[in-house]
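Take a look at the structure set out below.
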2 protein chains.
Amino acid sequence: MEEYYLALRKHIEEISPLTDQEWEYVAQCFTYKTLKKHQFLIQKDELVPSEYWVIKGLLKTYTIDSEGKEHILQFAMEQYWTSDFQAFQNQIPATLFIDCIEDSEFFCLRLENRERLCQEIPKMTNFFRIKSHYGYIALQQRIMSLLTETAEERYNNLIKKLPHLIQRVPKKLLASYLGVTRETLSRLKG
Amino acid sequence: MEEYYLALRKHIEEISPLTDQEWEYVAQCFTYKTLKKHQFLIQKDELVPSEYWVIKGLLKTYTIDSEGKEHILQFAMEQYWTSDFQAFQNQIPATLFIDCIEDSEFFCLRLENRERLCQEIPKMTNFFRIKSHYGYIALQQRIMSLLTETAEERYNNLIKKLPHLIQRVPKKLLASYLGVTRETLSRLKG
DNA sequence: ATTATAAAGTGATGTATGTCACATTTTTAT
DNA sequence: ATAAAAATGTGACATACATCACTTTATAAT
């Protein structure tokens, strides 16, 4: 467990170095949680108590449409933040599902703790500011990818960008993330 | 001009109320700029000195693909922030174009001023944190829309969400924003 | 006002991707 | 180890949307 906290501290300090005293305050705002493969971190229509930092494991964030088809918004693995941020931020019922593709472990940060943290430790406000900004930029790039690229280009770029992810995720889920059917993805490479 | 500054102050204070003294510091970090319709705010391959808050007007952020087709990432109107954030943040050449659909006026914030602002006025760090976070959530919703909805659904939802925008933007540009051709958009309603 | 330019509509046709069905391979659970 | 479940591949066919070509309508420039 000690090493998990060290990993989180390192993650934060890549953006905002902290004193030991500050870190002590930060660390106590997080709680630990673990889930097995196939278990849900967040379910649609339920409230979302926390946002989550992935210590270990792999998750998918998705919706189910009216025809029962799954559409994947995000994969989250080690050192990723994940939640239904819309629901979390406004403390309203989730519109998304998040469940575990692998056994997973997290640090959980509740909304009141995050805001307390930002009030007490300005460096943490800065950390979240930078993180959100990078996240925003990454999503803009994904939108451009969806607007401009063919399924094949999107797949090849995903392989380039996250080669390690490909190994851990069934192609059917990658297809869903890329916005195509598994059949189409299957026919691309041949 | 005085009223422009008041509008910006109001915009910031919807998230982070400031003292008069703080506001004085904030205000001097911005510079004013105006452009006519069809003029470029940002051009591909050029450096991006600032991010921009739109006082008045309307702009589009887009790329041109290898076949010369335009793909619109964002429309920015009154009270929107816009820039090539990826290029701005890393001070590298732009990959995007931004030009004016209408005569427009902006407040410009240079990177060094933004960071100075965040260091001097923690409330501003918080302002940018919240803004980025909301922006992130909005982009997630756009991605879900692209993954799950038909062209017609995306168009109808855009009309619901930004009815005033529709009036100001040629349908051909809306089509590009929605990820379809103008011909397809034209055939939806009839 | 008149002309030039851009936006918008529409028909004919092409294509990438979706859908459905079924076989094969791989992974998971007992 | 064995059976069950999930993932993957592939053929036949359907469809949403793209492309190209041309006309009509609206907007902008002199």
Side-chain angles (χ1 to χ4, degrees), chain A residues 35-40 57-60 62-72 75 97 99-104 145-159 165-190, chain B residues 35-40 57-60 62-72 75 97 99-104 145-159 165-190:
Chain A
L35 288 175
K36 297 281 179 200
K37 185 169 174 171
H38 294 136
Q39 288 186 307
F40 284 92
L58 180 60
L59 302 99
K60 62 181 203 279
Y62 60 98
T63 54
I64 307 278
D65 69 19
S66 50
E67 281 118 46
K69 285 179 43 187
E70 181 177 299
H71 301 273
I72 296 183
F75 292 109
F97 295 93
D99 67 28
C100 300
I101 296 172
E102 302 173 0
D103 294 353
S104 302
S145 163
L146 287 168
L147 289 180
T148 66
E149 292 168 10
T150 64
E152 181 152 22
E153 290 168 331
R154 295 204 295 279
Y155 184 52
N156 289 332
N157 289 337
L158 183 65
I159 291 170
L165 181 74
I166 314 298
Q167 314 304 114
R168 295 167 72 177
V169 178
K171 288 207 178 106
K172 128 192 214 183
L173 299 186
L174 296 178
S176 167
Y177 177 83
L178 293 170
V180 294
T181 59
R182 55 169 204 85
E183 291 93 335
T184 295
L185 188 67
S186 171
R187 281 183 252 260
L188 292 183
K189 300 298 287 187
Chain B
L35 289 174
K36 296 281 180 200
K37 185 170 175 171
H38 295 135
Q39 288 186 308
F40 284 92
L58 181 58
L59 301 99
K60 62 180 201 278
Y62 60 98
T63 54
I64 306 280
D65 70 19
S66 50
E67 281 119 46
K69 283 179 43 186
E70 182 176 299
H71 300 274
I72 297 182
F75 293 108
F97 295 92
D99 67 29
C100 300
I101 296 172
E102 302 174 0
D103 295 352
S104 302
S145 164
L146 288 167
L147 290 180
T148 66
E149 293 168 8
T150 64
E152 180 153 22
E153 289 168 333
R154 296 203 296 279
Y155 183 53
N156 288 332
N157 288 337
L158 183 65
I159 290 171
L165 181 73
I166 314 298
Q167 314 304 115
R168 294 166 73 176
V169 177
K171 288 208 178 105
K172 124 193 218 184
L173 299 186
L174 296 178
S176 167
Y177 177 84
L178 293 171
V180 294
T181 58
R182 58 168 204 83
E183 291 93 335
T184 293
L185 187 66
S186 170
R187 280 185 254 259
L188 293 183
K189 301 299 286 188

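Here is the naming used below: chain letters follow the sequence lines, and residue numbers restart at 1 for every chain.
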Interatomic distance, L174(A) CG vs dA6(D) C1' [rounded to whole Å]: 15 Å

Value in whole Å for how far the P atom of dT8(D) lies from CD1 of I166(A): 12 Å

Exam field: side chain R168(A) to backbone G57(A), donor-acceptor pair closer than 3.5 Å: yes

dA7(D) OP1/OP2 closer than 4.0 Å to side-chain N/O of K171(A): no

Candidates dC20(C), dG9(C), dC22(C) - which lies nearest the side chain of R182(A): dC22(C)

D103(B) side chain to K37(B) backbone, donor-acceptor under 3.5 Å: yes

K69(B) side-chain proximity, nearest of dA21(C), dT19(D), dT17(C): dT19(D)

Rounded distance in Å - CD (E149(B)) to C1' (dC17(D)): 16 Å

Nucleotide of dA7(C), dG18(C), dG9(C) approaching P170(B) most closely (side-chain heavy atoms): dA7(C)

Residue pair F40(A) / L35(A), side-chain heavy-atom distance below 4.5 Å: no

For atom CD of E102(B) and atom P of dT27(D), their distance in whole Å: 14 Å

dG9(D) OP1/OP2 closer than 4.0 Å to side-chain N/O of K172(A): no

Which nucleotide in dT8(D), dC20(D), dA8(C) has an atom nearest any side-chain atom of R187(B): dC20(D)

First encountered from the 5' end of DNA chain D, between K37(B) and T150(B): T150(B)

Atom pair distance, as rounded to whole Å: CG in L147(B) and P in dT17(C): 14 Å

Residue closer to the 5' end of DNA chain C, E183(A) versus R154(A) (nearest nucleotide): R154(A)

Considering all heavy atoms, the nearest L146(A)-R154(A) contact: CD2-NE, 3.8 Å

Under 4.0 angstrom between S186(A) side-chain N/O and dT8(D) OP1 or OP2: no

4.5 Å side-chain heavy-atom contact, F75(A) and L174(A): yes

Proximal nucleotide (of dG18(C), dT19(D), dA21(D)) relative to the T181(A) side chain: dG18(C)

Nearest-Å distance for atom pair CD/C1', residues Q167(B) and dA7(C): 16 Å

Separation of dA7(D) P from E70(A) CD (nearest whole Å): 9 Å

Length of the CG-C1' vector between D103(A) and dT28(C), whole Å: 13 Å

